[in-house]
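Structure first, then comments.
Every chain is numbered from 1, with letters handed out A, B, ... down the list of sequences. All figures in this text were calculated on a predicted structure; none of them were measured in a lab.
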Amino acid sequence: MANRNRRANAPDVDNTIDLVQVDGLVVAKIIKHCHEEGSSAVDVAQGVLLGLVADTRLEVTNCFPFPKNLDENFDEEDYQMEMMRHLRKVNVDHLHVGWYQSTQQGAFLSTQFLESQFTYQTSIEESVVLIYDPLKTKRGFLHLKAYRLTPQAVALYKDNDFGADAIKTHHLSFESLYQEIRLVIHNSHLVNALLCELSEMVPSYEGSQYLDLGTASVLEKHLRSLTDNVDELLQDTNKFNIYQRQVVKQQQEKQKYIQKRNLENTARQARGEAPLPDEDITKVFKPIPVPPRLEPMVLSAQIAAHCQQVSLFCSQALGKLFLSEALQQPQSSQQTVLKGSSKTA
Amino acid sequence: MSRFFGTASDSDTESDVSEEEVQQRPTAVPTYTFSDDEEEQKRIVRSAKEKRFEELKDIIKLIKNYKKNKDLSKMLSSFEELTKAYQKALPVIAKEEKGVTPRFYIQCLVEVETFLNELWEDRDGRKNLSKNNSKSLSTLRQKMRKYVKDFEADVAKFKENPDEEEEDEEAEEKSEAESDEESEAEGPAAFRKSESETRTKPLPKVKPIAPEGDDSDDSYWDSDGEDETSSSDDDSKYANLKEKFLKVAGGDDDKKKEKKDRKDKEKAQRRKDREEEEELEMEGGDGWQVQGKATQAKPKMFAKDADINTGVVLKKLFEILAARGKKGTDRREQVEMLHELYTVSEANNLGIGIAVKVKFTIISAIFDYNPKICDAMKPEHWEKLLQCIAELLDLLNSRTDIIMGEHVSEDHEKLDQAEYDAEQDPSRRFFSVRGCMLTTVERMDEEFVKILKECDAHSNEYVERLKDETRVSAIIDSLQTYIERQSLPSELCRLYMRKIEHMYYKFDPNTIKQNNGESNVEKDTTLAVMDRLCRYIYVNDKEERIRPRAMLCHIYHYALHDEWYKARDLMLMSHLQETVHLLDPSTQILYNRTMVQLGLCAFRHGHIKEAHHALLDIQSSGRAKELLAQGLLLQRQHERTSEQEKIEKQRQMPFHMHINLELLECVYLVSAMLIEIPYMAAHESDARRRMISKSFHHQLKVSERQAVTGPPESMREHVVAASKAMRNGLWKQAHNFIINEKMNAKVWDLFYQADRVRTMLVRKIQEESLRTYLFTHSSVYDSLSMATLSKMFDLEQPTVHAIISKMVMNEELMASLDEPTQSVVMHRTEPSRLQSMSLQLADKLANLVDNNERILKIRQGPFGFSRGNQNVRFGDRPQYGNRQGQQGGGGNWQRRGGDNRDNRDNHRDNRDRHNN
């Protein structure tokens, strides 16, 4: 069930890791944890990935969850170190290679997310983040993806300056904020054999979720989060707009001021007096702080991701609808549903 | 020691019964506290008169000195002081000396006058005087002349016979100076003082005295060989001890005699006999004897043979009053004394004037008993107070010729029966007494509220106290008859307000019966009374405080009796909503109470919206308890200071006036449900939907958060469950949730005509469920039969028709009515949820694109782009230099080019997104 959905890498992408190979055990553990803790809308389940780097391939061989602890005294780092020490004792790979997180409808992107991935990538170069969507999996599509920040994004974070100019100099746009890494699920032969055996035992009606036609609710959810994101983006653009206007206004004033100064100076020269000292013009006109552009960029990336997901979902749903239409041809009573979904597609 | 024996014996040789009697009475305690006597002798207890006189005498002494030194300027100032002091002393003189100027004063005046005249005559001498002195002399002489004119008669009298009087006066002075005892003996105030002192000292104080006696008089004890070493302070023990003393002391003749005297005195005094005076005289100048008597005597009122007339009683009264408010004054004692004075004056038939005066003083003394204003009175005092006030009012009402009021000044009081009888002119035949009955009753009312608040509201005690409410009301009523006779509008307004405040929260079932024509119309209902009183206040109230209160009470009363329209109109006319925040807190509380009552009334009448509006303010804050002053809320943010807490406690309503908070909340939630549920159904997909009732939503959310919802328990859960059922159009379920046994017991049975309210409620639930159903499910139907609908919701077809028509009219429902088939035909114009969301998204995206365009416009504008960029760089320059090292202008150019390109990229991106 490897996810084959891949993106063409941008030309200037680093090649430290180009494939993530995840053990079946890890996938099972992540799924278990996320379904237990991350299935409600508010909570997010997170955990640590353990594994090894082999050439440009990252093998994730084990993982453990972060405990949900509201206790303030709880030291997460201590816990992690402890865990890793214990795992080492039982001869499990104990190298920290990243983390995983559950998500709702793919809405995982945020500044915090990027920040934590940045810290991971700066301390452990090869680290990746696995994103798992329990809702989609429930509907029959295993949704597990690996992401890394692009080198530009890392550089931007290193500078810690998110103004428009800085983003420009790093040639960064919302598309090149992060990259998806190909993910392969790997199982040992023994497990494969067991799976083969199990697949025979699964009753035939299981796995029919593929044909789930509940299009409207999924689309609605996506639309809702899209609307929210667009709203926020709108606010950000508004802020930027205001900033621009202020800058222009200040610029005009500055121009006037300089002109006046020049006139005065020439007049003084004509009278044979010393010109006025050059005052620091920045003191007279304090530069207006540039609103950070990271937030809108993240929002744009999130919107783009949503759009991608919607289009993907719609293409699948359309296929299913055509299929079901063919099945129901004699009755042909599914008109309304078709109409609704085709509109959004 | 001797004193010790004396008292011990006298309390003992009496019969045992009387002895015990004395002991039981708290005032008898002083019998044992002899050691205080010495201390008391040192104490100078001065009456007002003495104080003033001393002051005068001091000044006179000074003047005499100056006279000797011929220091006229100082004499002038002293003389001025003297006149002032005399002015101050005047009331005392008028009271105690019956207006006769004291002789020493006159003497001084005469002396000074003659001295001045001599000086004046002596021209040579005058010339020798210093400038200052001569000036003073002339002014002093002029002043003197003027001043002496006032005392002409006295002066003449004095000049006639100066020597004799001088002697007389000297004697008087001497006596006054030498012995406090005498003055104390005549001054009951002093008596009481010493007594109170002894009384306030707790009994155990006696204990150390006995051993002291032991030490000093060992021989006695030894010879007797008693077991008095046990220092028990038991009363009986003491009685024993005294017997021992008595035995030993018995040998001493003198003492015995004294004892006898004292015993007699005691007896006499206990019987209110007035022989004491004589006995006192017989005893002669035996100083300590008198003193001892002072300590143990119960306040004796008057000498036996004293002629008890108005003047004497009044004097006594003033004496008692003079001690009022002083430290160490025993307040209970004062009350008792006044009571006694009252009985005395009654016994001597001094007339109603005195009776009223004394009664009034008793009442204020009872008020005084409690020194702290925030504490409630003790029940026994309260009983006494009620009784006194009722009696006083009876007195006042029984006669028409008593004038009592604040306007009567103390000097113009007419209390004397004789004077009254002597008055020929019938129009001037009246008693006038100073004092305000209204204020007294108001104070009593406040005390009543305090007492109620003090009790635990769920105890029998509260019920007991609440029974006094009728008595309080009766007092107010009788005061009303009294004041109506005098008819002062401002006082009447105040009184009516009191009456209204006792009435407005009481429900009178007769009113509603009368409205329904069930009972006879002639009977005066509280509503009618209320109406009359309030109208009087509206017309006559000059202060702005009473009128709004009366209005609010009026509205409250209307609302309480289901007079919804009258109550509402009055509320709207009053315009109190706009000004209520400027009024005092207690009126604001009343306003809140009134609004709540109004809301409840609206609900009973089925005006759901109005009920919701009226209750919204109180209920939405979640502080209903505090707003209605029915209990203090715990505040987490900031602690109250104890001061604040006290104030807030004072504002609290007594329990019997509380409005049931659960009823209030239930009514609010149910009305919110009836409004909100259809509204929610109608605006499900509307992004800009606003909440009508926040607290209702809060309740809904709370129940949604629960993982498992069991059957409803509390009132809130019932309402929430009903709302959920209603949302699905299940009116029967909703009905069962709202109206069942539990809810009946908790809420609905509290209404006066509960069944009417219930039928109204069911009806509303049916209607609103129908509306909700149509809102939520109209998209599923092409057409709907009205007959089906009326069956589904158990409503008559015309009602269904009406509701649907209204919805169509208001454009809430896209449908039309098909008359021939009696059905509703839907028009499909509403977009589906997904569609409407897509539309919203499209709207927002359009906005976003607009904004982006605007950003670009500024950047690319003929003026903006290059300038804008320069500007940014200008500010950045120092940084830039640091980062890029030595790059010159060329780098700048390059960068600008880069910017340019980026911008274009940006623009392209934007386009792409737009196209998406």
- Item | CD (B/Glu704) with more than 12 external heavy atoms under 6.0 Å |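 Result for CD/B/Glu704: enclosed.
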- Would you indicate whether B/His777, at its atom NE2, is surrounded by more than 12 heavy atoms from other residues, nucleotides or ligands within a distance under 6.0 Å? yes
Between atom [atom1] of [X] and atom [atom2] of [Y], what is the distance when rounded to the nearest 0.5 Å?
| X | Y | atom1 | atom2 | value |
| --- | --- | --- | --- | --- |
| A/Gln244 | B/Leu856 | CD | CG | 8.0 Å |
| B/Ile855 | A/Arg245 | CD1 | CZ | 10.0 Å |
| B/Asn852 | A/Phe240 | CG | CZ | 10.0 Å |
| A/Glu220 | B/Ser838 | CD | OG | 9.0 Å |
| B/Asn851 | A/Asn238 | CG | CG | 4.5 Å |

- Measure across B/Lys844 and A/Leu234 and return the closest heavy-atom pair with its distance rounded to 0.1 Å.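 Closest pair (atom of B/Lys844, atom of A/Leu234, distance): O-CD1, 4.3 Å.
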- Query: If you look at every heavy atom in A/Arg224 and B/Met837, which pair is closest and at what distance?
  - Reply: N-CE, 3.4 Å
- Residue among A/Thr227, A/Thr237, A/Asn241 with most heavy-atom pairs under 4.5 Å to chain B: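 The candidate making the most pairs under 4.5 Å is A/Asn241.
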